[in-house]
Amino acid sequence: MARGKPDTIVFTDGTLITPTLRVEGDLVVEGGRVREIRPSAAPTSPGDRLVDCRGLYVGPGLVDIHVHGGQGHDFVTDAPQEIIDGCEYHLSVGTTAIAPSALSVPIEQLRASIEATRHAAPDCRSHILGYHVEGMYLDQEYRGGHLEEYVRDPDPEEYLPLIANHGDFITEWTLAPELPGALDLIRACRNAGITTSAGHSQATYEQMMAAIDAGLRHATHLYCVMGGLRFEALRESPGKGYAPGVVETVLMHQALTAEVICDGFHLHPALIRFALQCKGPHRLALISDAMKGVGLPDGEYLIGGQDCLVEGGIAIIADRPEVIASSVTPLIGMLRFAHETVGLRLEDAWMMATLTPARIIGVDDRIGSLDPGKDADILLLDEDLKLQEVYAKGQRVAMYR
Ligand SMILES: [Zn+2]
Ligand SMILES: [Zn+2]
């Protein structure tokens with residue numbers, strides 16, 4: 001029996017953000033993948049589905065590599081449905097690829113969450129890229145929203161079996177490089193193809209350089225709960241005085257990529273512009289770091305064993321009000337803020353929320369841009385960057401116009 005022609009969708013007359021380029025034209029999708037970009041008004045074939053994109057931006061679906069939950073669903077869970085439901089919320093607001101992330105939790109809970117996410121992945125309409133382990137090997141003093149009792153030094157008896165069983169599914173591991181045993185963990189991750197990231201850390205320049213030598217490649221929520229410039233009066237070598245901390249080392253060292261929370265609460269816009277100046281849009285990603293309260297009204301939420309209060313777009317830990325507890329803004333909100341308020345070029349902001357995070361965890365060969373052959377994850381945004389339509393794996397999954 002002859003196979004029918006695969007479904008073809010032509011997004012016509014839009015402004016395409018690829019995101020490396022901005023071009024006026026048509027985007028052709030066939031069989032769930034991008035086929036080509038061509039001039040508008042090219043002849044279409046009978047049976048092609050046409051989507052009128054006049055006055056709209058057309059670009060790749062967003063890729064969130066650091067996100068803890070959504071619309072009441074927590075990504076620390078042993079229930080695959082909880083993962084699917086949280087990812088569905090993010091999908092509805094334009095995040096077509098996602099790496100559910102854990103806070104510091106007991107190892108059994110972490111293992112159960114990774115397994116639940118693995119089970120959820122084939123049934124999810126968005127791409128589940130794997131699991132991001134944020135914790136438990138963090139600096140106690142810089143633990144931020146993580147619970148004290150779960151934060152500890154790296155223990156190979158604990159992490160080696162986890163990496164042996166699930167290393168292929170762990171996208172990223174956030175750790176503090178200054179902890180005893182951290183370099184062994186970085187090497188174990190590197191050997192398993194896991195991106196290691198410095199976060200919740202007050203490492204010295206020398207400790208950061210040793211970590212980079214061992215394979216450290218990324219920095220988690222740059223600037224936030226991260227040690228900066230250090231006055232080391234008693235340094236012996238190479239001299240006394242001020243020395244770079246984690247922040248400066250990340251900004252200056254091109255071996256490291258980084259990510260920022262761009263919600264208008266965590267970071268002054270000037271800090272984001274400065275990071276972009278240092279790293280460029282191909283080395284600096286936007287992440288949501290959103291927790292389960294995103295997509296829900298203000299209120300109280302239990303996160304990582306702690307009560308959090310959400311009020312007016314910001315989440316804080318109830319009994320430590322000076323600590324911001326991740327965000328309640330989805331990635332599309334970060335993209336909008338980066339362009340409209342921080343003043344980044346739209347192409348740069350879009351790249352930082354798509355191709356760059358995909359590259360950071362090594363999935364840019366199949367998602368993150370409108371290059372031919374990539375999965376057809378596509379957003380249509382109006383001129384105010386409001387979502388109009390969302391496509392994932394070539395299927396329309398949300399429509400707002
Ligand atoms: Zn964190
Ligand atoms: Zn986080």
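In each ligand, atom 1 is the first atom listed, and ligand 1 is the first ligand listed. When a residue number appears, it is its place in the shown sequence, counting from 1. Quick note: numbers below take in every heavy atom, side chains included, and nothing from hydrogens, waters or symmetry partners.
By the criterion of a separation under 2.8 Å, the protein N/O/S atoms near the Zn ion (ligand 1) amount to Glu134 OE2, His200 NE2, His221 NE2.
Between the CD1 atom in Ile9 and the CG atom in Leu50 there is a gap of 10.5 Å [rounded to 0.5 Å]. Distance check, rounded to the nearest 0.5 Å: CD of Glu259 to CG of Asp289 gives 7.5 Å. One distance of note links NE2 of His339 with CZ of Arg345; it measures 10.5 Å at 0.5 Å rounding.
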Taking only distance into account, with no hydrogens and no angle test, what donor-acceptor pairs under 3.5 Å do side-chain atoms of residues 303-316 form with protein atoms, sequence neighbours excluded?
| unit_1 | atom_1 | unit_2 | atom_2 | d |
| --- | --- | --- | --- | --- |
| Gln306 | OE1 | Arg320 | NH2 | 3.2 |
| Gln306 | NE2 | Gly145 | O | 2.4 |

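You'll find the ring centres of Phe169 and Tyr131 outside the 6.0 Å limit.
A distance-only check finds no donor-acceptor pair linking the side chain of Tyr57 to the backbone of Leu16 [under 3.5 Å].
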